[in-house]
Asks: 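Sending over a structure as structure tokens; questions will come in a sec.
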Amino acid sequence: MRLSQYFLPVLRENPKEAEIVSHRLMLRAGMVQQASAGIYSWLPLGFRVLKKIEQIVREEQNAALAQEVLMPTIQSADLWRESGRYDDYGKEMLRITDRHERDMLYGPTNEELITDIFRTHVRSYRDLPLNLYHIQWKFRDEVRPRFGVMRGREFLMKDAYSFDTDFEAARAAYNRMFVAYLKTFARMGLTAIPMAADSGPIGGDLSHEFIILADTGESEVFYHRDWEDLTWQDQDIDYAGDLQPIVDRWTNTYAATDEMHDPATCPVVGDDLRRRRGIEVGHIFHFGTKYSAPLGARVATSDGHEVDVFMGSYGIGVSRLVGAVIEASHDEDGIIWPAAVAPFQVGVVNLKADDATCAQASANLHEQFETAGVDCLLDDRDERAGAKLATMDLIGLPWQIIVGPRGMKNGVVEVKERATGERTEMTPEAALAKLTAAAGG
RNA sequence: CGGGGUGUAGCUCAGCCUGGUAGAGUGCCUGCUUUGGGAGCAGGAUGUCGGCGGUUCGAGUCCGUCCACCCCGACCA
């Protein structure tokens, strides 16, 4: 993509409505535009990142034996009356009336709909286990939306729902999602710490929030310092096998949100106990028959009984993650995208647009990256060098190739790694080879 | 939902107290000079001063009312 043709409305100054860093940077980098409070349009750069994150989530859900469906944003109130939640759910639920005066709502969540799908089609234990997920926009009419896309009213979310005949099978389903979440966040370059969460009486120990650490996080978290050395080692997971050992390994070390943390009973003391802020990016929990019972979602067991199906639900805040990644990865010059979610892998900067040698060399590099399947943004605008470099730092592509007349005299370009600022001179061919390899192309 | 605040050019803001021709910086357009970290000079375009009502000879400015947005708290993926 050539920047001269790309819609990237960057701002030099901070819009005043944005307080926290991810919100500021997303507006300045031309990723989103607020449409109204807590509701955003996604511009090309932001949309690319959103889709990258969504795709990673999708791939890991599929790998973990979940199947993708798509449920609507607008739901009928009838199902919610059946589950008893129509009156319970407060003003966060956006209620709508259609032309026939029927009560409708913009879904804040999908337990009712998915349970309806299940009860309509599934009658036997032989059809289980089953896990259905979708990635869809939701709406919660928060009193006070803030933090940009991290706490919007409209947000893109993945939620999965598992169905099992008994608690032990439900635990296995829970474990599959637990491990899938570890893999998902690790792929995005994030360390997400699973923290025991309050699930009420039904869930037992089967409720975890996945929290990434960031100083601007919304909530306070406590954890053993061993977490700082615990990183996910990529490995092939057999989702049909027993995942309990992996889950145990990732739950044995203390970590808790402030609601769950009790200094009186906390097993970690002194320097070992770390206290920081975090952002919740995922939440998984088992809720048993809470919805299956009122909605009549039952299956026949092998011995001919009928049981209310055991369910769990597993959410990931996809649009929130865009902001969360930035909170976790930026500096004073702008965003620093982890490669896996970067909108482009490489930015080629032609410092001098009217220099034939530079123009040729940068255009060649751009074309060769595209041919190699590496997303590349070529800054071919007739701008000052400083402005172009500042823009490139702001939008945070993992690698920059700086092509200028000074280097071209010696046949070299400069390769800059955004995260470290480290610059190396090399020939364009070497730069191409290095970054194509780095991008896994 | 309680408390506080802000709406003036694409963006950041001054002007309002004390009513009298709509401003600055940046961005944008044109030209020239520049060209390795947001350049210099010259010229140019841009506003229903958030909406409605009122007071006044006259309202961006005073009064009323509505709306939008932001911040703190409570609440939440």
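Here the structure is a predicted model, which means the values were calculated and not measured. Throughout, protein chains are lettered first and strands after them, A, B, ... in sequence-line order, and every chain is numbered starting at 1.
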Asks: Using the ring of Tyr86(A) (Phe, Tyr or Trp, six-membered ring only), decide whether Arg95(A) places NZ or CZ under 6.0 Å from its centre and within 45 degrees of its axis.
Replies: yes
Asks: Enumerate all atom pairs, one protein N or O and one N or O from nucleotides 22-28 of chain B, separated by less than 3.5 Å.
Replies:
unit_1, atom_1, unit_2, atom_2, d
G25(B), N2, Glu13(A), OE1, 2.9
U26(B), O3', Arg12(A), NH1, 3.3
G27(B), OP1, Arg12(A), NH1, 3.1

Asks: Think Arg48(A) forms a cation-pi with Phe344(A), using NZ or CZ under 6.0 Å from the six-ring centre and within 45 degrees of its axis?
Replies: yes
Asks: Using only modelled atom types and a 3.5 angstrom limit, is any donor from either the side chain of Lys16(A) or the base of G7(B) paired with an acceptor on the other?
Replies: no
Asks: Report the nucleotide, chosen from U8(B), U34(B), C1(B), that has the shortest atom-to-atom distance to any side-chain atom of Arg384(A).
Replies: U34(B)
Asks: Anything under 3.5 Å between a protein N or O and an N or O of nucleotides 71-77 of chain B, put it in a table, one pair a line.
Replies:
unit_1, atom_1, unit_2, atom_2, d
C71(B), OP2, Arg144(A), NH1, 3.4
C72(B), OP2, Arg144(A), NH1, 3.4
C72(B), OP2, Arg144(A), NH2, 2.6
C72(B), N4, Arg144(A), NE, 3.3
A74(B), N6, Arg146(A), NH2, 2.6
C75(B), O2, Arg151(A), NH2, 2.9
C75(B), N3, Arg151(A), NH2, 2.9
C75(B), N4, Arg146(A), NH2, 3.1
C76(B), O2', Glu142(A), OE2, 3.1
C76(B), O2, Arg151(A), NE, 3.0
A77(B), O3', Glu280(A), OE1, 2.4
A77(B), O3', Glu280(A), OE2, 2.5
A77(B), O2', Glu280(A), O, 3.3
A77(B), O2', Arg320(A), NH1, 3.1
A77(B), N6, Gly152(A), O, 2.4
A77(B), N3, Arg320(A), NE, 3.4

Asks: Gln136(A) and Asp159(A): side-chain donor and acceptor closer than 3.5 Å?
Replies: no
Asks: Could you check whether Asp355(A) gets within reach of a base, just the sugar-phosphate, or nothing at all, counting any heavy atom under 4.0 Å?
Replies: nothing
Asks: I'd like the C1' distance from A74(B) over to A14(B), given in whole Å.
Replies: 37 Å
Asks: List, with names and distances, any nitrogen or oxygen atoms from the protein found under 3.5 Å away from nitrogen or oxygen atoms belonging to nucleotides 41-51 of chain B.
Replies:
none

Asks: Consider only side-chain N and O atoms of Asn62(A) and Tyr133(A), and report whether a donor and an acceptor are under 3.5 Å apart.
Replies: yes
Asks: Of all the choices, C1(B), C70(B), G37(B), which nucleotide is nearest to the side chain of Leu389(A) once you look at every atom?
Replies: G37(B)
